[in-house]
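Structure first, then comments.
From a predicted model like this one, the values you see are computed outputs, not experimental measurements.
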Amino acid sequence: MRASACAKLASLSFLPQFAFRPPVSYSPRPPRLRGRSRYGAAKARQPSKDQTRMRMSQYFLPTMKENPAEAQIVSHRLMLRAGLIRQTSAGIYAWLPLGFRVLKNIERIVREEQDRSGAQEVLMPTIQSADLWRESGRYDAYGAEMLRIKDRHDREMLYGPTNEEVITVLFRDGVKSYRDLPRNLYHIQWKFRDEVRPRFGVMRGREFLMKDNYSFDIDKKGAIHSYNKMFVTYLRTFARMGLKAIPMRADTGPIGGDLSHEFIVLADTGESAVFCHKGLVDKDILSRKIDYDSDLQPIVNEWTSLYAATDDMHDKAAFEEIPEGERLSARGIEVGHIFYFGTQYSAPMKAVVAGPGGEQITVEMGSYGIGVSRLVGGIIEASHDEAGIVWPEAVAPFKVAIVNLKPDDGAVSGACQKLYDGLAAKGIEALHDDRDLRPGAKFADMDLIGIPWQVIVGPKGVSAGKAEVKDRKTGQREEVPFDQVVQRFG
RNA sequence: CGGGGCGUAGCGCAGUCUGGUAGCGCGUCUGCCUUGGGCGCAGAAGGUCGUCGGUUCAAAUCCGGCCGCCCCGACCA
């Protein structure tokens with residue numbers, strides 16, 4: 001009501017619209033504390049912001065003991081139960097503090113590896129114009145999965161399901177010479193695909209966070225080098241997250257092109273059947289030193305020379321040539337996809353540069369995606385047990401949790417606080433469970449949310465000068481003198 | 001988009017067939033007790049039964065429309 005009245009008023013005015021905006025309050029007013037000053041004694045007793053944030057008694061972490069009926073697969077159940085996400089509409093989720101921390105950790109690793117490869121980060125909008133998509137010819141081709149919307153002037157817009165069109169225009173308008181090639185631009189942005197049937201929680205939502213990037217080269221040779229760079233980058237990215245992600249030759253599908261690999265995380269509950277050579281599982285990329293300007297083909301060949309295929313690309317005869325003991329039939333989740341697609345977009349959208357002889361050359365493109373939000377689910381599918389999530393350290397919301405078994409015991413709480421401060425001094429954020437609950441409930445919650453290391457502090461330990469350090473993954477516990485706990489996590 | 005199912009307290013469910021004062025478990029709150037794996041006892045709060053309309057003296061329950069969510073398939077990062 002108020003907004004439309006305001007719009008009407010503004011449209012009748014010949015003064016700038018902002019002059020007539022009602023005094024909207026953009027941030028909530030500070031609460032009035034009755035009976036004492038907001039800045040008085042009450043504040044002095046508050047713990048520091050950092051401590052407040054990481055204390056479970058103060059933390060927004062709604063865990064659930066029972067499985068919500070709507071969640072069918074394990075990662076979806078655990079994400080809801082562990083207080084990572086909440087659904088707001090079909091296939092659309094809100095990220096709660098713990099889940100958001102994981103999402104940001106994944107995003108950070110993706111970003112670091114993109115930067116390492118020489119790709120440059122941009123940020124393109126979520127809302128795009130239909131005209132742009134008409135130019136590439138995809139507006140009608142894309143179908144109902146594209147969320148089409150109209151603005152107030154009845155202009156046709158859409159919520160971007162992908163960004164080839166936008167990036168091609170940015171490139172076309174900004175680069176005119178072969179001297180400016182190659183380029184590789186990426187961004188990490190929310191996308192929307194109006195899936196007929198969203199399911200599996202964030203693994204196949206409608207709104208999802210995706211890293212996508214686009215390479216531009218003067219010729220096919222250059223484009224393949226760009227492709228190879230991303231191939232290696234993806235190997236590193238997933239390995240850093242503690243995942244076994246195997247590149248598999250992929251069908252290029254509706255996006256087109258003739259060179260494409262899917263990166264598949266192996267998980268028993270994966271969406272599709274996959275077949276590969278066992279040797280791929282044990283290959284290690286992180287120990288290699290990589291020069292992204294050198295010829296990466298040997299590394300790529302090393303991975304692609306062993307058989308690996310998803311269901312739809314499976315070649316039974318070729319698979320059976322592998323000695324039986326080295327065959328691996330498993331299930332997997334697609335977490336990344338890379339394409340070389342030549343001039344499919346650059347030609348219709350006229351992304352051309354001047355070559356050395358002044359001739360016009362249509363650039364060769366590739367595009368590369370990683371499902372950032374999907375990875376949160378994928379990692380859980382690949383790493384959980386009966387009790388809950390088992391986070392790989394690199395993506396865990398917290399590396400360490402301090403389990404205070406008796407918060408109302410000054411000695412126990414004092415020991416916990418000291419450990420917390422010691423970890424903080426080393427730059428390690430710990431989650432401090434200072435809630436007044438029975439030990440059993442705390443252990444159950446802690447196992448559910450899957451923090452890799454639990455430092456358990458109780459009265460017995462305090463009198464012996466020791467804490468118990470539990471490895472979430474193996475369940476092994478070890479008594480460690482207090483003064484040695486912090487250094488274990490350096 | 002084809003086929004199926006479900007909407008009752010924060011979560012899991014019963015009650016609907018056969019209309020008559022809305023229930024159970026878990027969670028939450030208070031008190032006591034307890035304190036190394038979701039402990040025990042006592043008390044309490046919390047639901048216009050998805051929504052709109054119809055039938056009826058009376059609707060969670062019967063009828064119709066709409067909305068939402070889930071599953072299988074086709075599709076997909």
- [ ] Pick the C1' atom in B:G7 and in B:A45, then give their distance to the nearest Å.
- [x] 25 Å
Task: Most 5' of A:Leu209 and A:Gly91 on RNA chain B, judged by nearest nucleotide - done: A:Gly91
Open item on the list: Quick one about A:Asn213 and A:His187 (side-chain donor to acceptor, distance below 3.5 Å, no hydrogens or angles considered), yes or no?
Closed with: no
Task: Spacing of the C1' atoms in B:C75 and B:C52 (rounded, Å) - done: 34 Å
- [ ] Dump the intermediate steps for side-chain contact (heavy atoms from CB on, under 4.5 Å) on A:Ser215 and A:Met230, then the final yes or no.
- [x] CA-CA 10 Å; A:Ser215 64; A:Met230 279 302 119; over 6 Å; no
- [ ] Taking atom C1' in both B:C17 and B:A77, compute the distance separating them and give it to the nearest angstrom.
- [x] 46 Å
TODO: Have a look at A:Glu271 and say if it touches a base, only the backbone sugar-phosphate, or nothing, with a 4.0 Å heavy-atom cut-off.
DONE: nothing
Open item on the list: In this structure, how many angstroms lie between the P atom of B:A77 and the CE atom of A:Met248, rounded?
Closed with: 16 Å
- [ ] Using a cut-off of strictly less than 4.0 Å, decide whether A:Arg197 has a side-chain nitrogen or oxygen near OP1 or OP2 of B:A74.
- [x] no
Open item on the list: Please give the distance between the C1' atoms of B:G50 and B:C67 as a whole number of Å.
Closed with: 7 Å
- [ ] Remember a base hit wins even if backbone is also touched, and classify A:Gly440 as base, sugar-phosphate or nothing at under 4.0 Å, heavy atoms.
- [x] sugar-phosphate
Open item on the list: For A:Thr310 and A:Asp312, which I'm curious about, is there any donor-acceptor pair between the side chains at under 3.5 Å?
Closed with: yes
Task: Any side-chain donor near an acceptor of the partner, A:Tyr345 and A:Arg138, under 3.5 Å - done: yes
Open item on the list: Taking the minimum atom-to-atom distance to the side chain of A:Glu334, which one of B:G36, B:A77, B:C70 wins?
Closed with: B:A77
TODO: Taking atom C1' in both B:C13 and B:G19, compute the distance separating them and give it to the nearest angstrom.
DONE: 22 Å
- [ ] Tell me the partner of B:A22, counting only Watson-Crick (N1-N3 plus N6-O4 or O6-N4) or G-U wobble (N1-O2 and O6-N3) with both under 3.5 Å; none if nothing fits.
- [x] none
TODO: Indicate, with a heavy-atom threshold strictly under 4.0 Å, whether A:Ser373 touches base, sugar-phosphate, or nothing.
DONE: nothing
TODO: Determine, for A:Lys442 against A:Asp445, whether the closest basic-nitrogen to carboxylate-oxygen distance falls under 4.0 angstrom.
DONE: no
Open item on the list: Tell me whether the side-chain N/O atoms of A:Lys65 come closer than 4.0 Å to OP1 or OP2 in B:G38.
Closed with: no
- [ ] Taking only the side-chain heavy atoms of A:Pro439 (C-beta and beyond), determine which of B:U35, B:G38, B:C69 contains the nearest atom.
- [x] B:U35
TODO: Please tell me which of the listed nucleotides, B:G12, B:C39, B:A74, lies nearest to the side chain of A:Glu70?
DONE: B:G12
Task: Partner nucleotide of B:C62 by Watson-Crick or wobble geometry (both distances under 3.5 Å) - done: B:G54
Task: Polar pair under 3.5 Å, donor/acceptor by atom type, side chain A:Arg204, base B:C76 - done: yes
TODO: Round to the nearest Å and state the distance from A:Glu195 atom CD to B:A77 atom P.
DONE: 8 Å
Task: Contact under 4.0 Å: A:Gln72 side-chain N or O vs B:C72 OP1/OP2 - done: no
Open item on the list: Measuring from the side chain of A:Arg199 (C-beta onward, heavy atoms only), which nucleotide among B:G38, B:G36, B:C72 has the closest atom?
Closed with: B:C72
Open item on the list: With hydrogens left out and only the distance checked, is there a donor-acceptor pair under 3.5 Å joining A:Asp447's side chain and the base of B:G37?
Closed with: yes
TODO: When you get a sec, tell me which of B:G37, B:C69, B:U35 is the closest nucleotide to the side chain of A:Asp408?
DONE: B:U35
Task: Inter-nucleotide C1' distance (B:U48, B:U21), Å rounded - done: 15 Å
Task: Side chain A:Glu66 and base B:G25 donor-acceptor under 3.5 Å - done: yes
Open item on the list: Quick one about A:Ser75 and A:Glu381 (side-chain donor to acceptor, distance below 3.5 Å, no hydrogens or angles considered), yes or no?
Closed with: yes
Task: Separation of the P atoms in B:G47 and B:C24, to the nearest angstrom - done: 15 Å
Task: Rounded interatomic separation in angstrom, taking CD from A:Glu145 and P from B:C1 - done: 12 Å
- [ ] Identify whether a stacking contact exists between A:Phe208 and B:A77, where the ring centres must be under 5.5 Å apart and the planes under 30° apart.
- [x] yes
Open item on the list: Nearest heavy atom decides the nucleotide; on that basis, is A:Lys442 or A:Val202 closer to the 5' end of RNA chain B?
Closed with: A:Lys442
Open item on the list: Measure OH/A:Tyr234 against P/B:A77 and give the value in whole Å, please.
Closed with: 13 Å
Open item on the list: Please determine whether a side-chain nitrogen of the Lys or Arg among A:Arg172 and A:Glu135 lies less than 4.0 Å from a carboxylate oxygen of the Asp or Glu.
Closed with: yes
Open item on the list: Please give the distance between the C1' atoms of B:C49 and B:G23 as a whole number of Å.
Closed with: 12 Å
Open item on the list: Looking at B:C6, which nucleotide sits across from it as a Watson-Crick or G-U wobble partner, both distances under 3.5 angstrom, or is there none?
Closed with: B:G68
- [ ] Go ahead and name the base partner of B:C32; Watson-Crick or wobble counts if both distances stay under 3.5 Å, otherwise write none.
- [x] B:G40
TODO: Taking only the side-chain heavy atoms of A:Lys470 (C-beta and beyond), determine which of B:G36, B:C70, B:G37 contains the nearest atom.
DONE: B:G37
Task: Rounded distance in Å - CE (A:Met56) to C1' (B:G38) - done: 13 Å
Open item on the list: Please classify the nucleic acid contact of A:Gly458 as base, sugar-phosphate, or nothing, using heavy-atom distances under 4.0 Å.
Closed with: base
Open item on the list: Side chain of A:Ala444 only, heavy atoms from C-beta on: which candidate in B:G38, B:C1, B:C70 is closest?
Closed with: B:G38
Open item on the list: Suppose we call a contact any N or O donor and acceptor under 3.5 Å apart; does that hold for the side chain of A:Arg206 and the base of B:C76?
Closed with: no
Open item on the list: Tell me the interatomic distance from A:Lys406, atom NZ, to B:G36, atom P, rounded to whole angstroms.
Closed with: 9 Å
TODO: Report which part of the nucleic acid A:Asp445 touches: base, sugar-phosphate, or nothing (heavy-atom distance under 4.0 Å, all strands).
DONE: base
- [ ] Assign A:Gly205 to base, sugar-phosphate, or nothing according to its heavy-atom contacts below 4.0 angstrom with the strands shown.
- [x] base
Open item on the list: Whole angstroms only, please: what is the CD1-C1' distance between A:Ile264 and B:C76?
Closed with: 13 Å
Task: Donor + acceptor pair across side chains of A:Ser413, A:Asn404 (<3.5 Å) - done: yes
- [ ] Considering only NZ, NE, NH1 and NH2 on the basic side and carboxylate oxygens on the acidic side, decide whether A:Lys220 and A:Glu364 come within less than 4.0 Å.
- [x] no
TODO: Among the candidates B:C69, B:C39, B:C13, find the nucleotide nearest to the side-chain atoms of A:Ala69.
DONE: B:C13
Open item on the list: In whole Å, I'd like the distance from the CE atom of A:Met446 to the C1' atom of B:G37.
Closed with: 13 Å
